Amino acid sequence: MAKGITTRAEDYSRWYLDVIQAADLAEHSSVKGCMVIKPNGYALWENIQGQLDKMFKETGHVNAYFPMLIPESFLKKEAEHVEGFAPECAVVTQGGGKRLEEALVIRPTSETIIWSTYKKWIQSYRDLPILINQWANVVRWEMRTRLFLRTTEFLWQEGHTAHASNEEAQRETMQMIDVYRRFAEEYLAAPVYVGYKTEREKFAGAVRTYCIEAMMQDRKALQAGTSHHLGQNFAKAFDVTFQDENGKLDYVWATSWGVSTRLIGALIMVHSDDNGLVIPPRLAPIEVVVIPIWKNDAEIEGMRRRIAELTEAWKGRLRFKVDDRDQFRPGYKFNEWEKRGVPIRIEIGPRELENNQVVLVRRDTGEKMLLPQDGLLDKIKELLEQIQSDLFNKAKSFRDANTMPEDDYEQFKKKIEEPGGFFRVHWCGSAECENQFQETSKATIRLIPIDGEKEQGRCLVCGKPSEQRVLVAKSY
RNA sequence: CGGGGCGUAGCGCAGUCCGGUUAGCGCGCCUGCUUUGGGAGCAGGAAGUCCAGAGUUCAAAUCUCUGCGCCCCGACCA
């Protein structure tokens, strides 16, 4: 087993932290709950950003930037919003050595500062829609933090759109949750369930919150992205109105949607193993590492030359690295790149050089193969796609095998503890029964499926009629 | 906020109970030589306000008091 990594079976939570350390992704800073994202971790974020940003632009959005400091009074304008966020806000009360007239909140999310601005931008239906995204940091003073999953300060993107009609805002909300689903499945290789939150779990200030939920290897759920239909709540709070084609005045309709560096936590917990990180190829900063093996100085020169020839055609078509550091032996390098999750490793030694071959090793399965150097690039390309889909399918099989219907409350309470998983249960829709789930099992209703089949049943808790199953699980 | 743990070299720790030479070990780091197909070996070397403040004492990493910080487990949450 890998040195320094606790196994998943031994202690899942320590394993998670060990993987982050072994892959050199991040470390705690000197301020409680804050982290330094190191180059290896940040490279993952950059790839996540790059792809998402592309998808946002393809759906008509543009980027902008709003400030981090928000007048405290802004936050208080939307009743539900302030109730939800006030307890976890960091507040600046001094500046320039003087006490401020009005305290400034460090944004926990930007709805208020953005809608106070949109008020100035919107008069007519011709000013709509506004489709803006911003990449930013936010601060939420959480009681309990975990690297990537929940840090005091975190990086994210938040989309904030303004529309002339409820229907259009609804379409936008659905479009973006689908963008998140596609990103999670096609890039993160993490299958997700799509649905909407209960009243209790929804975003403070939203009419409805849609979400994607992924299953981690310990069978717990992780909310991986949310898209909120905000109705006219913020427009009313900030008095943002527009005139329609008929000259009639109405409040603007809004959405907001976001994903954060938490996605890196999801990537780790969905795919990695007891040897360290496993990165899905499409998000891998380095897709292929080439490790030359030599016995003496005479050999290394020929080796370098041959590798340069071989990789010449890879430039611009493959993210690769040649690790010809002399201070480490091959075994050390194999291990290091495994811990760091690089999808494919290629070894070239005197034997391969002579036979015009390479040894190729898959990170996800450990499978070793001897391949001809001719046509290697195409073979690598093909394998990367194979690994990408294998990772997805593996995660999906695991999730599906651990998602089950349950109609017996006593059984449910047992199973949620051991072995755990996602449970599809009937629920009457009452807050009382929802609270019961949490109090007796520490599980929550993760989502109400969007396309859930209608099915007559009885609420798991109270036995009243229910028309649809909801997804219940313990979560991060 | 409750429970647990910790603060000594870059990292991980021992030493603290029972005060006493120059504060030690492993990893890492630097130099040299030998090595290089799954975490190399030998030799030499550099590196410390022992979390902070106050107190007790001839003498404090060690005892007393006060403070600060971090991590892990729960309640709040992306």
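Since this is a predicted model, take the numbers as computed values, not measurements.
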Q: Kindly give the atom pairs (protein nitrogen or oxygen, nucleotide nitrogen or oxygen) under 3.5 Å for nucleotides 33-36 of chain B.
A:
unit_1 : atom_1 : unit_2    : atom_2 : d
U36(B) : O4'    : Arg329(A) : NE     : 3.4
U36(B) : O2'    : Trp294(A) : O      : 2.9

Q: Scan Lys442(A) against the nucleic acid and name what it touches under 4.0 Å (heavy atoms): base, sugar-phosphate only, or nothing.
A: sugar-phosphate
Q: U22(B) and A61(B): how far apart are their P atoms, nearest whole angstrom?
A: 12 Å
Q: What integer number of Å spans the P atoms of C70(B) and C17(B)?
A: 28 Å
Q: Distance check, rounded to the nearest 0.5 Å: Phe437(A) atom CZ versus Ile416(A) atom CD1?
A: 9.5 Å
Q: Base, sugar-phosphate or nothing for Phe154(A)? Non-hydrogen atoms, less than 4.0 Å.
A: base
Q: Which nucleotide, G39(B), G38(B), A78(B), lies nearest any side-chain atom of Lys368(A)?
A: G38(B)
Q: Name all residues meeting the ring-ring contact (aromatic ring centres under 6.0 Å, His included) criterion together with Tyr118(A); count only those two or more places apart in sequence or in a different chain, and write none if there are none.
A: Trp115(A), Trp121(A)
Q: Could you tell me how far G2(B) sits from A40(B) if I compare only their P atoms? Round to whole Å.
A: 48 Å
Q: Taking atom C1' of C11(B) as reference, at what distance in whole Å does atom CG of Leu17(A) sit?
A: 16 Å
Q: Between P on G39(B) and CG on Asp24(A), what's the gap in Å once rounded to a whole number?
A: 22 Å
Q: Counting the atoms with a prime plus P, OP1 and OP2 as sugar-phosphate, which does Pro87(A) contact under 4.0 Å by heavy atoms, base, sugar-phosphate, or nothing?
A: nothing
Q: Which residues, if any, of residues 177-196 of chain A bring a heavy atom under 4.0 Å of RNA chain B?
A: none
Q: Rounded to the nearest 0.5 Å, how far does CD of Glu158(A) lie from OG of Ser260(A)?
A: 11.5 Å
Q: Atom OH of Tyr332(A) and atom P of G41(B): how far apart are they, to the nearest Å?
A: 13 Å
Q: Just jot down the side-chain contact (heavy atoms from CB on, under 4.5 Å) partners of Asn63(A), sequence neighbours excluded, or say none.
A: Asp53(A), Lys57(A), Asn133(A), Trp135(A)
Q: Need one value for Gly258(A): base, sugar-phosphate or nothing, where a base atom within 4.0 Å counts as base even if backbone is also close, heavy atoms only.
A: nothing
Q: Among C76(B), G37(B), C71(B), which nucleotide sits nearest the side chain of Gln438(A)?
A: C76(B)
Q: Nearest-nucleotide wise, let me know which of Ser29(A) and Phe203(A) is further upstream toward the 5' end of RNA chain B.
A: Ser29(A)
Q: Under the ring-ring contact (aromatic ring centres under 6.0 Å, His included) rule, collect the residues that match up with Tyr16(A), sequence neighbours excluded.
A: none
Q: Once side chain to side chain donor-acceptor pair (under 3.5 Å) is applied, what residue pairs with a partner in residues 366-377 of chain A remain, sequence neighbours excluded?
A: Arg306(A)-Gln373(A)
Q: Using the C1' atom in both, what is the distance from C50(B) to U8(B), to the nearest Å?
A: 4 Å
Q: Can you figure out which of C76(B), A75(B), G37(B) approaches the side chain of Glu142(A) most closely?
A: C76(B)
Q: Tell me every residue that passes ring-ring contact (aromatic ring centres under 6.0 Å, His included) with Tyr180(A), counting only those two or more places apart in sequence or in another chain.
A: none
Q: Filter on side chain to side chain donor-acceptor pair (under 3.5 Å), then keep only pairs touching residues 64-83 of chain A, sequence neighbours left out; what's left?
A: Tyr65(A)-Arg107(A), Ser73(A)-Glu102(A)
Q: Provide, to the nearest angstrom, the distance between the CG atom belonging to Leu447(A) and the C1' atom belonging to A78(B).
A: 15 Å
Q: Under the rule for side-chain contact (heavy atoms from CB on, under 4.5 Å), what residues qualify as partners of Tyr332(A), not counting sequence neighbours?
A: Phe328(A), Glu336(A)
Q: Asp178(A): what forms a side-chain contact (heavy atoms from CB on, under 4.5 Å) with it, not counting sequence neighbours?
A: Arg181(A), Arg182(A)
Q: Could you tell me the separation between the NZ atom of Lys202(A) and the C1' atom of A78(B), rounded to a whole number of Å?
A: 17 Å
Q: Main chain of Trp156(A), side chain of Trp45(A): is a donor-acceptor contact present, judged purely on distance under 3.5 Å?
A: no
Q: Using atom C1' of each nucleotide, how far apart are G55(B) and C30(B) to the nearest Å?
A: 43 Å
Q: As a test of reading the structure: which of G39(B), C76(B), G37(B) is closest to the side chain of Val359(A), going by heavy atoms?
A: G37(B)
Q: Can you tell me which stems involve RNA chain B, if a stem is defined as three or more consecutive Watson-Crick or G-U wobble pairs, both distances under 3.5 Å?
A: B:1-7 with B:68-74, B:10-13 with B:24-27, B:29-34 with B:40-45, B:51-55 with B:63-67
Q: Please give the distance between the C1' atoms of U21(B) and A60(B) as a whole number of Å.
A: 15 Å
Q: As a test of reading the structure: which of G38(B), A75(B), A78(B) is closest to the side chain of Glu338(A), going by heavy atoms?
A: G38(B)
Q: Whole-Å distance between A40(B) P and Lys333(A) NZ?
A: 11 Å
Q: Check the distance between G37(B)'s C1' and Asn335(A)'s CG and give it to me in whole angstrom.
A: 15 Å
Q: Would you be so kind as to tabulate the donor-acceptor pairs closer than 3.5 Å made by side chains of residues 277-295 of chain A, with sequence neighbours excluded?
A:
unit_1    : atom_1 : unit_2    : atom_2 : d
Arg282(A) : NH1    : Glu186(A) : O      : 3.1
Arg282(A) : NH2    : Glu385(A) : OE1    : 2.9
Glu287(A) : OE1    : Arg319(A) : N      : 2.7

Q: If the C1' atom of A75(B) is compared with that of G39(B), how far apart are they to the nearest Å?
A: 42 Å
Q: How many Å lie between CD on Gln21(A) and C1' on C72(B), as a whole number?
A: 15 Å
Q: Scan Gly33(A) against the nucleic acid and name what it touches under 4.0 Å (heavy atoms): base, sugar-phosphate only, or nothing.
A: sugar-phosphate
Q: Could you check which of G37(B), A78(B), G74(B) has an atom nearest any side-chain atom of Glu352(A)?
A: G37(B)
Q: Looking at Asp364(A) and Lys394(A), is any side-chain nitrogen of the basic one under 4.0 Å from a carboxylate oxygen of the acidic one?
A: no
Q: Checking all strands, does Arg351(A) fall into the base, sugar-phosphate, or nothing category for heavy-atom contacts under 4.0 angstrom?
A: base
Q: Can you check the distance between G7(B) and G15(B), where both ends of the measurement are the C1' atom (answer in whole Å)?
A: 15 Å
Q: Between A40(B), A78(B), G37(B), spot the one nearest the side chain of Arg262(A), thanks.
A: A78(B)
Q: When you match His28(A) and Glu201(A) each to their closest nucleotide on RNA chain B, which lands nearer the 5' end?
A: His28(A)
Q: Glu418(A) versus Lys414(A): any side-chain heavy-atom pair under 4.5 Å?
A: no
